[in-house]
Amino acid sequence: MKGGGERPVPFRGGGFEARRSRLLPPAALAGLVLVWHVAVAGGLANPLFLPSPVSVAAALWELAQSGALAVHLAASVGRVVTGWAIGTALGLAVGLAIGIVSAARAVGMPLVSALFPIPKIAILPLFILWFGIGEPSKVATIAAGVFFPTVIAAVGGVDQVPRSLIRMGQSFGMPVAAIVWRIVVPGALPIVLSGFRITVAIAVILVVAAEMIGADEGLGAFVLMAGNLMRTDQLLAGVVVLSALGLAGAGLISFAERLLLRWR
Amino acid sequence: MELLLEGVSHAYGDLPVLEGIDLTVRDGEILCLIGPSGSGKSTLLAIMGGLLRPSGGRVATRGAPPDGCLNPLTYVFQDFALLPWRTVAGNVALALEHHRLPRGERRSRVGNALAAMGLGEFAGAFPRQLSGGMRQRVGIARALVVRPAVLLLDEPLSALDAQTRDLLTEEFLTLWRRERTTAVLVTHNLAEALRLGDRVAVLSRRPGRLREILTVDVPRDERSRPERAGRLAEMSAHLWSLLRTEAQAADRELADRR
Ligand SMILES: Nc1ncnc2c1ncn2[C@@H]1O[C@H](COP(=O)(O)OP(=O)(O)OP(=O)(O)O)[C@@H](O)[C@H]1O
Ligand SMILES: [Mg+2]
């Protein structure tokens with residue numbers, strides 16, 4: 001090369017690696033709260049429209065003390081867990097069937113594509129007619145919202161299991177059930193689990209929507225009531241609890257991923 | 001156990017890949033299968049093991065499988081086909097799990113297969129932690145654990161580097177001498193075919209027919225001796241000339257089509 005001298009080769013390979021950080025996630029949340037607080041305290045926002053984090057925390061404390069929080073949280077969590085479990089169980093069963101059986105795919109995929117975009121909350125009145133105004137219609141709404149993305153994730157998961165592994169199973173004379181259970185299901189698991197992240201959020205969104213339409217208890221009902229009374233501090237306290245609920249769900253799934261996908 | 005092929009032919013849609021294959025794989029021999037790329041070697045192997053239904057002809061076995069054989073026709077795959085979520089021991093055990101076996105026998109079979117391939121200390125490792133050579137050892141251990149009557153190997157070493165390939169070839173031979181399992185080995189490597197094979201079958205370009213079956217007339221144990229090198233080189237040159245004409249013709253065919 002012209003121009004003689006030595007020059008170190010600059011490093012340019014960094015970035016893009018997934019690294020777990022313990023500090024950054026809480027720091028990001030803390031940063032958000034800080035910006036919020038400064039904005040309100042500095043007079044940028046009207047405390048009536050956007051109460052400061054301090055008054056939201058106070059409202060939260062008050063709710064926890066009075067026991068109202070526990071009641072609403074328990075009602076919502078109960079619905080989320082039941083609805084999510086039902087939607088997930090049905091979604092996995094249908095998704096596996098579609099992924100594995102060609103006939104099921106031919107029938108199922110168009111149906112899923114046609115029904116998935118229907119806003120589940122728009123058919124809540126129908127669910128109320130079918131299942132009654134009580135718990136079942138709310139649970140059904142959540143289950144329906146969870147069902148379709150689960151089907152799509154399960155089909156995608158099955159599709160990306162390498163054909164060569166299935167052939168390997170066949171070559172050892174494994175029965176179909178064993179191939180499904182020992183090769184297809186574990187192979188589809190990573191995609192199914194990342195689908196769970198989405199369905200958990202959907203379940204939380206839908207429980208609030210369903211509770212806003214017809215419920216006395218539950219975080220959705222509570223938030224709606226607080227809004228009607230212009231208790232924005234309570235409203236945001238409810239929102240914070242909802243967000244924590246979503247975070248807890250995501251945390252559970254991360255835990256499951258670490259447990260089940262150790263091999264990656 | 002012997003494997004008999006009579007008039008086997010195959011077409012994918014309207015693309016004929018194999019035509020009129022008559023072949024007997026003899027008991028206890030290693031038959032190497034060579035041929036230009038696309039000549040239908042993998043297809044033929046898949047037909048031999050019942051993974052693919054041929055468009056014509058028939059495949060049969062003759063003779064009893066060895067004692068304790070759970071899967072007479074057993075494959076070793078080029079891409080290893082290991083389950084990434086199972087450990088080495090789990091991958092080997094997979095081949096046994098759908099058979100009713102006493103727990104003790106299952107454990108001893110897996111242990112023996114791992115030991116035979118020198119995998120004892122890797123039993124708990126996951127495939128991603130292993131080198132290519134080690135992964136194929138797992139693939140071979142998984143095949144041995146069912147005590148196969150016929151081993152069907154589709155370019156089992158071609159994903160490996162040359163040194164690993166030589167090492168594994170020798171190890172495979174040592175193991176093979178113990179059981180003398182009938183084997184069909186697809187390879188691109190003439191040296192490998194002449195090191196391992198009792199006979200070498202040459203397929204023509206697509207649609208694959210049997211061009212020739214060459215008997216390697218040097219005893220296997222003498223093949224590394226210098227005084228035998230001449231005869232082996234002769235055979236190698238002969239096979240190479242067969243392959244070259246076929247490969248050249250195949251190349252041109254593809255070029256003409258475009
Ligand atoms: N599933 C399939 N569908 C359609 N065509 C196929 C299929 N599998 C293989 N072929 C075609 O059949 C021909 C023979 O394929 P095969 O894999 O048996 O050849 P091969 O001799 O093993 O080649 P290679 O040396 O590259 O492994 C090729 O032209 C290939 O493109
Ligand atoms: Mg091939």
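Each chain gets a letter, A, B and so on, in the order its sequence line appears, and its residues count up from 1.
To the nearest 0.5 Å, atom OG of residue Ser164(A) and atom CG of residue Asp79(B) are 4.5 Å apart. Between Trp85(B) atom CH2 and Arg182(A) atom CZ the span is 12.5 Å, to the nearest 0.5 Å. The structure places OH of Tyr75(B) at 7.0 Å from CZ of Arg167(A), a figure rounded to the nearest 0.5 Å. In this structure, CG on Leu73(B) lies 10.0 Å from OG on Ser171(A), to the nearest 0.5 angstrom.
Interface remark: Ile183(A) contributes backbone and side-chain atoms alike to the contact with chain B (heavy atom separation under 4.5 Å). Contact annotation for Glu97(B): both backbone and side-chain heavy atoms come within less than 4.5 Å of a heavy atom of chain A. There is no contact between Leu152(B) and chain A, counting heavy-atom distances below 4.5 Å. In this structure, the portions of Arg142(B) lying under 4.5 Å from any heavy atom of chain A include both its backbone and its side chain.
In terms of non-hydrogen atom pairs under 4.5 Å with chain B, the most contact-rich of Gly173(A), Ala177(A), Pro162(A) is Gly173(A). Among Leu82(B), Leu70(B), Leu83(B), Thr74(B), the residue making the largest number of heavy-atom pairs under 4.5 Å with chain A is Leu83(B).
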Report task. Go through Phe172(A) and Leu94(B) one step at a time and tell me if the side-chain contact (heavy atoms from CB on, under 4.5 Å) criterion holds. Result -> CA-CA 9 Å; Phe172(A) 280 99; Leu94(B) 178 81; 5.9 Å; no
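A pairwise comparison of heavy atoms in Ala81(B) and Met168(A) identifies O-CE, 3.6 Å as the closest pair. For the pair Trp263(A) and Arg128(B), the tightest heavy-atom approach, listed with the atom from each and the gap, is O-NE, 2.6 Å.
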